[in-house]
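Reviewing the structure listed below.
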Amino acid sequence: MTSRRRLFAATILAVPMLGSSMAAVADTRPASTTHAKTHSKTSAHGAKAKAASTTAASTTAPASGVAPAAAPVKRAHFTNDANEAVIVTGTHSANRHARQSVSPVTVLTSAVLQRSGMINLGDALVRTYPQINVPTMGADAAALVSAINMRGLSANEVLVLFDGKRRHTTGNFTADSGPNFGTTGVDLSMIPANMIDHIEVLEDGAAAMYGSDAIAGVVNIITKKTDHGINMSAQTGANAYAGSGWQYQLNLDGGMKLGKDGYIHLFGQVSHTDHFLASGAHDHRLTGNQPSYADAASYTGQSIPSNSNHIMSTPEETRENFGLDWGKPLNDDVEFYGNITYAHRHSEAYENYRVPNVGGGVAESIFPYGFSPLETIEENDYSATVGAKGDNFLGFEWDVSSTYGSDYDKVGNKNTVNTGMLQSTCSTDASSAYYSSAGCGYSPTDARAESYAMTQWTNNLDFRRRFNIGHVVPMTLAFGMEQRMDAYQIWAGNPVSYVLGGTQGYAGLAPQNSGKWYRDVWAWYMDGDFHFTKKWEMDFAGRFEHYTDVGDTENGKISTRYDFTKRIGVRATISTGFRAPTLAEEHFSAMNVSPTGASGLLAASSASAKALGSPGLKPERSISESGGIVVEPIDGLHVEADVYQINMRDRIVQGGTVNGQTAIDAIESMGFSLPGNSYNANSVSAYYLANGASTRTQGLDIKADYTFHMQKHGNLMLSMALDLNRTRLHHNGIGSTGSQLLNAQNIGYITTAYPRSKIILNAFYTVGNWDVNVRQTRYGQTTNQMTYEDWAPTALQYSVDQFQKFENSPHWLTDIEVGYRFNKNWHLAVGVNNIFNVRPRRVSQIVNYLGAMPYDQFSMQIPMTGGYYYGRVNASF
């Protein structure tokens, strides 16, 4: 503990600065220049950042993992400070630097992401950026996707752009309770991480500029665009304290010329992660410490290890990613550009261990010692953008593009059985209440539970022109239109996955739950940026959108900035926003089976949900305000502070939770049936999605940075980033039955599961061939309302209106990485994240389901994985 305190003291005494704003100082290699004309026209609506030689990605480092290989590169504006980069997010003006922006924008360089030590892009963002967090553990299918939460809001409220174009979302629906219930966010792991040059994060509501989802903020991933060089890297590591979670990643990318004046860049990536198993999980059913459970030996005549239940774990995953980026001038005024990404994932996640006598012992002939079902996914994700842009159409810069993206998921079960098919009551007579179309007296041990696909086809036409009004007031006018087709499809699983309660672990979807749904979206926007004086700027934006399923929406944004001197400026924004319900939110239904109960998600548009009080879904609405100050009290010391408030109404949340016979009736009316297990009726629940809440999120962001240039003694870059965040419930919706939609647990998921604060202190030191990175991260308190589980008093077990309050106290994590450059081509780094092996606080046994869930899985605080050791080698030629 003493060494930990000394390390923390040494770090905090440094002048604070934002870790995400640090430059790739170790980069000293000659510049790898982007094809200037191509990148000069890359922007969020296709608007061009004019001066190509000074754009943020006009020079780029080779990438590996979540970041470029540490091969050194000069950067036009990343030399000492990423926030001196020219940005294209949150503005239509050209040559706008991040620190000059009207709304706060943070630039995360690929080198900073790499120093996170994480091979998953979402995890790298959590380590380096305080406003982004993820839950401790995803449940069921949610464990098989990498989405992020920002500013205390869910993954659905974060818009992700890829080179300024809307990125398609995952088809993998989060059907379990928790902060991300109902989300289908963008899966960041499906993007080849070595394709990233840098990421621009707009910390403001921006629906008036980009449309639906841009409530919490916008994450714009800017790709590398070089016409030469080959970059390779390999990283491997493991959670050494637990002896599990081993992983590796291999990366290769290279650029070449496309004719005399174009470029093409290819990216490939392969990664694998083993299961990480939480320590201290001891299944109550295997310990014999409770009268209601038999001793483990009574199941088989011999002891079964009490740690056989691996539900609290991370999935095993193998992933292959491919990317292609190109640009080619067709003449002096027109350029053809585009990119392609493809990813394949196979992943397996543990479900709860089943004791040998599950289903009355009918499965013992197949699994005499019990079994741990595995939920599997085979996923194929692909996206393609093609476009053309030019400098002069009636004096306007223009950009026309088409982006098609789709995510296809095949979800299955393995190492499982359908206990209903093994029961003596099973019947192949269609008139029987226990009819099985898959047969009786046997059960396969694997099955496809369901398949689904989310598809988006987006077409954009954008114009931009700079004017001088009366030869006095410079302005930038941007306008354009967007057409988007959304499609969502669900395929039923194999009959064995859903008949008579379905397969243990994850019940499949029946034909009545399948279908295909479409909608069209039309949007028009206009944006005017006025420089009334050299010190005063105002930006006005408006957007109209028409959805064929949920109607029309109009949104606006007003931003202003005034610079008193070159050292101090103030800025403010007020905007309205919206998020249309996804097709999945409207139509998805599912049933989840546990060893002692079941829960059913009812499609919001279904008769079953309406019988429980569901009024159907409509768009979420928001009003956002922010204000801040940007100062440079002395040369090189940069400080930014912004306060924000996001008021949301009609927020789509889990609502109408019921249990007992009411839930059983609702589940059966959706075409599901309960498995042949012995259940306490109260352990069966049903719920649906509803516009059930109005919330207010308030926060404060502070970021600062300073670099000490110590001549022959090297350079020391120090940073601090702080996010204070609080969400409060202002209105709890009432269903048609007159009852409140949200119970105390669901209120906690959307208000207190997110850290009350998060601070990142970073020190990056380079001297000679050495580089050292030290990062201190403090996560504030989270609070959740925990369900009373199997060891609780009988009257409280599985209650949906009485809960135990659980607080995860604040924690500090310490990460260290040390690197050495052998020559201009080779770099080696070793590091450890969470060197002191800090774990979350453990929950009490009465809310620890089966004794196998020692941590609060929905807390978005520190990870449960403990210390992680890794090594990485990079090579660039």
Side-chain angles (χ1 to χ4, degrees), residues 63-67 114 116-124 134 137-147 170-172 186-196 232-239 242-253 266-277 310-311 313-323 340-351 372-383 406-416 445-453 505-506 863 865 868-873:
S64 69
V66 294
Q114 183 185 42
S116 72
M118 310 306 294
I119 67 172
N120 179 290
L121 177 57
D123 292 336
V134 295
M137 188 191 85
D140 293 312
L144 309 176
V145 67
S146 176
T170 180
N172 191 345
V186 172
D187 191 338
L188 295 177
S189 62
M190 295 290 97
I191 297 171
N194 61 339
M195 202 171 179
I196 299 170
M232 299 175 289
S233 74
Q235 177 170 321
T236 187
N239 297 90
S244 62
W246 177 75
Q247 55 188 247
Y248 70 82
Q249 187 175 79
L250 304 174
N251 305 277
L252 175 65
D253 73 87
L266 296 167
F267 308 86
Q269 185 177 79
V270 177
S271 62
H272 174 83
T273 302
D274 277 348
H275 292 288
F276 168 83
L277 309 178
H310 301 321
I311 182 65
S313 59
T314 61
E316 180 182 17
E317 178 183 271
T318 301
R319 182 165 31 89
E320 302 88 27
N321 297 72
F322 169 79
I340 295 172
T341 65
Y342 169 76
H344 169 261
R345 168 196 277 141
H346 173 80
S347 188
E348 301 181 355
Y350 279 111
E351 298 297 307
S372 292
L374 286 166
E375 185 176 349
T376 67
I377 190 170
E378 289 289 342
E379 183 173 4
N380 288 284
D381 183 284
Y382 48 91
S383 175
S406 185
D407 183 66
Y408 173 76
D409 305 281
K410 183 171 71 174
V411 179
N413 287 306
K414 61 187 291 189
N415 200 45
T416 186
T445 57
D446 61 80
R448 183 178 62 83
E450 70 224 13
S451 299
Y452 31 71
Y506 191 81
T865 48
Y868 170 68
Y869 289 80
Y870 65 91
R872 181 180 63 250
V873 61

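Counting from 1, the numbers follow the sequence of the chain as shown. Everything numeric here is computed off the predicted structure, so don't read it as measured data.
In this structure F322 satisfies the ring pair (Phe, Tyr, Trp, His ring centres under 6.0 Å) test with no other residue, sequence neighbours excluded. Legend: residues meeting ring pair (Phe, Tyr, Trp, His ring centres under 6.0 Å) with Y870, ordered by chain and number and at least two apart, are Y868. With sequence neighbours left out, the salt bridge (charged side-chain N to carboxylate O under 4.0 Å, His left out) criterion links E348 to K414. By the salt bridge (charged side-chain N to carboxylate O under 4.0 Å, His left out) test, D187 is found to be paired with R345, residues two or more places apart in sequence or in another chain being considered. When the salt bridge (charged side-chain N to carboxylate O under 4.0 Å, His left out) test is applied to D407, no partner is found at least two apart in sequence or on another chain. The side chain to side chain donor-acceptor pair (under 3.5 Å) test applied to S383 returns no partner, not counting sequence neighbours.
The closest side-chain heavy-atom distance from I340 to Y382 is not below 4.5 Å. Residues R319 and M190 meet the side-chain proximity criterion, which asks for heavy atoms closer than 4.5 Å. Looking at I196 and L121, their side chains come closer than 4.5 Å, going by heavy atoms from C-beta outward. Between D409 and L144, the closest side-chain pair of non-hydrogen atoms is not below 4.5 Å.
Nearest heavy-atom pair, S189 versus N321, reported as atom, atom and distance to 0.1 Å: O-ND2, 3.1 Å. Counting all heavy atoms, side chain and backbone alike, H310 lies closest to Y350 at O-CB, 3.4 Å.
Proximity of a side-chain donor or acceptor of T416 to a complementary backbone N or O of D446 within less than 3.5 Å is not detected. Panel note: side chain N415, backbone L374; no donor-acceptor pair is recorded below 3.5 Å. A donor-acceptor contact shorter than 3.5 Å is absent between the side chain of Q249 and the backbone of M118. The closest donor-acceptor contact from the side chain of N251 to the backbone of S271 lies at 3.5 Å or more, if one exists at all. Distance alone, capped at 3.5 Å, is enough to place a donor-acceptor pair between the S244 side chain and the L277 backbone.
Summarising the geometry, atom CD1 belonging to I191 is positioned 8.5 Å from atom CG belonging to D381; distances are rounded to the nearest 0.5 Å. In this structure, CD1 on I119 lies 9.5 Å from OH on Y248, to the nearest 0.5 angstrom. Interatomic distance, CZ of F267 versus CG of N194, reported as 6.5 Å (0.5 Å rounding). With rounding to the nearest 0.5 angstrom, the CD atom of E375 is 6.5 Å from the CG atom of N413. To the nearest 0.5 Å, atoms NE2 (H344) and CG (N380) are separated by 5.0 Å. Between the NE2 atom in H272 and the OG atom in S347 there is a gap of 10.0 Å [rounded to 0.5 Å].
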Step-by-step side chain to side chain contact (heavy atoms under 4.5 Å, CB included) determination, E320 to Y342
CA-CA 8 Å; E320 302 88 27; Y342 169 76; over 6 Å; no
Between Y452 and V411, is a side chain to side chain contact (heavy atoms under 4.5 Å, CB included) present by the stated rule, with each step listed?
CA-CA 8 Å; Y452 31 71; V411 179; 3.4 Å; yes
Verdict with reasoning, D253 to M195, per side chain to side chain contact (heavy atoms under 4.5 Å, CB included):
CA-CA 8 Å; D253 73 87; M195 202 171 179; over 6 Å; no
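Checked by atom type, the side-chain pair H346/E316 shows no donor-acceptor distance below 3.5 Å.
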